[in-house]
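On a predicted model such as this, the values are computed, not experimentally measured, just so you know.
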Amino acid sequence: MNFYTICAFFYGVFATSQSIFNTKLSAVYGTWAGSGMVHAVGLLVLLPTLLTPWGKKKGSAPWYDHLGGFVGILPLVFTVLALPTTGVTINLAMSMLGMVVFSCLMDSLGLFGMEKIRLRGMKILAICVLALGSLTMIALSGDKLEGNLPIGLVLPLCFAGGVTLVAARVLNSRLSKKCGAGYSTIMNFLTGLIGCTVIVACMRFQIPVRFPAAGQPWYIYIGGALGATGIFLCNVASPKLSVLQMTVIGNVGQIFTGIVIDAIIGKFSLGTIIGGAIVTIGMILNTKADAAARAKEGRQH
């Protein structure tokens with residue numbers, strides 16, 4: 001594993017770790033107010049870096065490359081709509097499937113100015129294994145689709161959550177490449193905070209409790225700081241990895257962390273463990289396919 005692969009893995013670790021605190025925060029303040037607080041905490045942690053070379057803007061980029069944080073709240077929208085019907089495991093697995101499919105599409109077509117990577121041989125096998133891992137998680141989850149939304153709507157919502165998550169990450173990656181990883185991380189939290197504030201304003205600022213909520217421990221607010229660390233690692237790694245590589249390695253980090261957390265709290269999910277093992281195999285196959293492609297390209301030059 002090289003440095004950027006390690007960054008991608010720990011991006012997944014931080015993404016899952018922060019969700020524990022963010023879920024508690026949203027339970028207290030509501031989904032959108034809680035999400036806004038997560039972005040606000042992340043931004044407060046990052047703002048002092050604007051005074052350092054790490055956080056300063058190092059180049060120029062079009063305005064739409066700054067919208068990664070705004071696009072990044074769309075997966076939350078889809079999760080809020082779908083989760084009551086799907087349960088956690090099905091939502092995660094369908095989101096992962098959306099990430100893999102969209103990542104492959106972006107790599108094969110070179111969308112958003114990404115490097116174009118042909119899909120063939122072992123690469124196609126790796127994609128099939130990754131998809132099998134997601135489907136295994138669904139099949140063994142034990143979750144039942146029970147809710148107000150029909151299957152024909154709720155599963156595409158989960159899938160769209162994965163698609164928009166990759167789109168947000170790619171926008172952050174483009175901004176990171178042009179203006180620096182620190183600046184890109186700050187913009188992610190700033191635009192995300194603006195988006196959440198607009199939604200809360202449309203809801204007429206209806207928040208269940210006043211801030212700070214009485215009787216709540218201080219650590220429920222640290223999700224934003226963990227998220228800032230994760231997004232920074234993502235912005236460091238994304239410009240150096242293909243979209244599919246970043247997606248798969250980050251997913252492995254998320255699944256591994258989820259399994260560890262479940263073990264700590266005494267839960268056991270056979271679907272997550274087996275599906276995670278299959279996804280890991282898919283990651284290894286994808287890594288070998290990329291290495292073979294680079295070696296072949298080197299011989300041709």
Quick one, Thr164 with Phe78, criterion side-chain contact (heavy atoms from CB on, under 4.5 Å). Give me CA distance, side-chain angles, the key distance, then yes/no.
CA-CA 9 Å; Thr164 49; Phe78 296 129; 3.8 Å; yes
Do [X] and [Y] touch side chain to side chain, with heavy atoms closer than 4.5 Å?
X      : Y      : result
Met99  : Leu165 : yes
Ile199 : Ile73  : yes
Ile127 : Leu244 : yes
Gln245 : Ser103 : no
Cys234 : Met246 : yes
Val101 : Phe159 : yes
Ser134 : Met96  : yes
Asn235 : Ile231 : yes

Give the C-alpha distance, both sets of side-chain angles, the deciding distance and a yes or no for side-chain contact (heavy atoms from CB on, under 4.5 Å) between Tyr219 and Phe21.
CA-CA 7 Å; Tyr219 53 78; Phe21 305 100; 4.0 Å; yes
Roughly how far apart are [X] [atom1] and [Y] [atom2], rounded to 0.5 Å?
X      : Y      : atom1 : atom2 : result
Leu135 : Met137 : CG    : CE    : 10.5 Å
Phe70  : Cys196 : CZ    : SG    : 9.5 Å
Ile273 : Ile278 : CD1   : CD1   : 12.5 Å
Asn188 : Asn172 : CG    : CG    : 4.5 Å
Ile255 : Thr280 : CD1   : OG1   : 6.5 Å
Ser242 : Asn286 : OG    : CG    : 6.0 Å

Counting only heavy atoms not in Lys57, do more than 12 fall under 6.0 Å of its NZ?
yes
Classify the ring geometry between Phe9 and Phe256 as parallel (under 30°), tilted (30 to 60°) or perpendicular (over 60°).
tilted
Geometric class of the Phe211/Tyr29 ring pair [parallel <30°, tilted 30-60°, perpendicular >60°]:
tilted
Could you go through Asn2 and Ile6, starting from their C-alpha distance and side-chain angles, then the distance that decides it, and tell me whether this counts as side-chain contact (heavy atoms from CB on, under 4.5 Å)?
CA-CA 6 Å; Asn2 62 29; Ile6 293 171; over 6 Å; no
Can any side-chain N or O of [X] pair as donor or acceptor with the backbone N or O of [Y] at less than 3.5 Å?
X      : Y      : value
Asp65  : Leu175 : no
Ser184 : Gly180 : no
Thr52  : Thr49  : yes
Thr136 : Gly275 : no
Ser173 : Arg169 : no

Specify the closest pair of heavy atoms between [X] and [Y], including all atoms of both residues, with the distance to one decimal.
X      : Y      : answer
Ser60  : Lys178 : O-CB, 3.7 Å
Phe10  : Leu233 : CB-CD1, 3.9 Å
Gly161 : Ser95  : C-OG, 4.1 Å
Ala228 : Thr185 : O-CG2, 3.7 Å
Lys58  : Pro53  : NZ-O, 2.7 Å
Gly72  : Pro75  : O-CD, 3.1 Å

Enumerate donor-acceptor pairs with a distance under 3.5 Å from any side-chain N or O in residues 32-47 to protein atoms, sequence neighbours excluded.
unit_1 : atom_1 : unit_2 : atom_2 : d
His39  : ND1    : Ser35  : O      : 2.9

So, applying ring pair (Phe, Tyr, Trp, His ring centres under 6.0 Å) with Phe232, which one of Phe189, Tyr11, Phe14, Trp54 is it?
Trp54
Ser238 side chain to Arg174 side chain, donor-acceptor N/O pair below 3.5 angstrom:
no
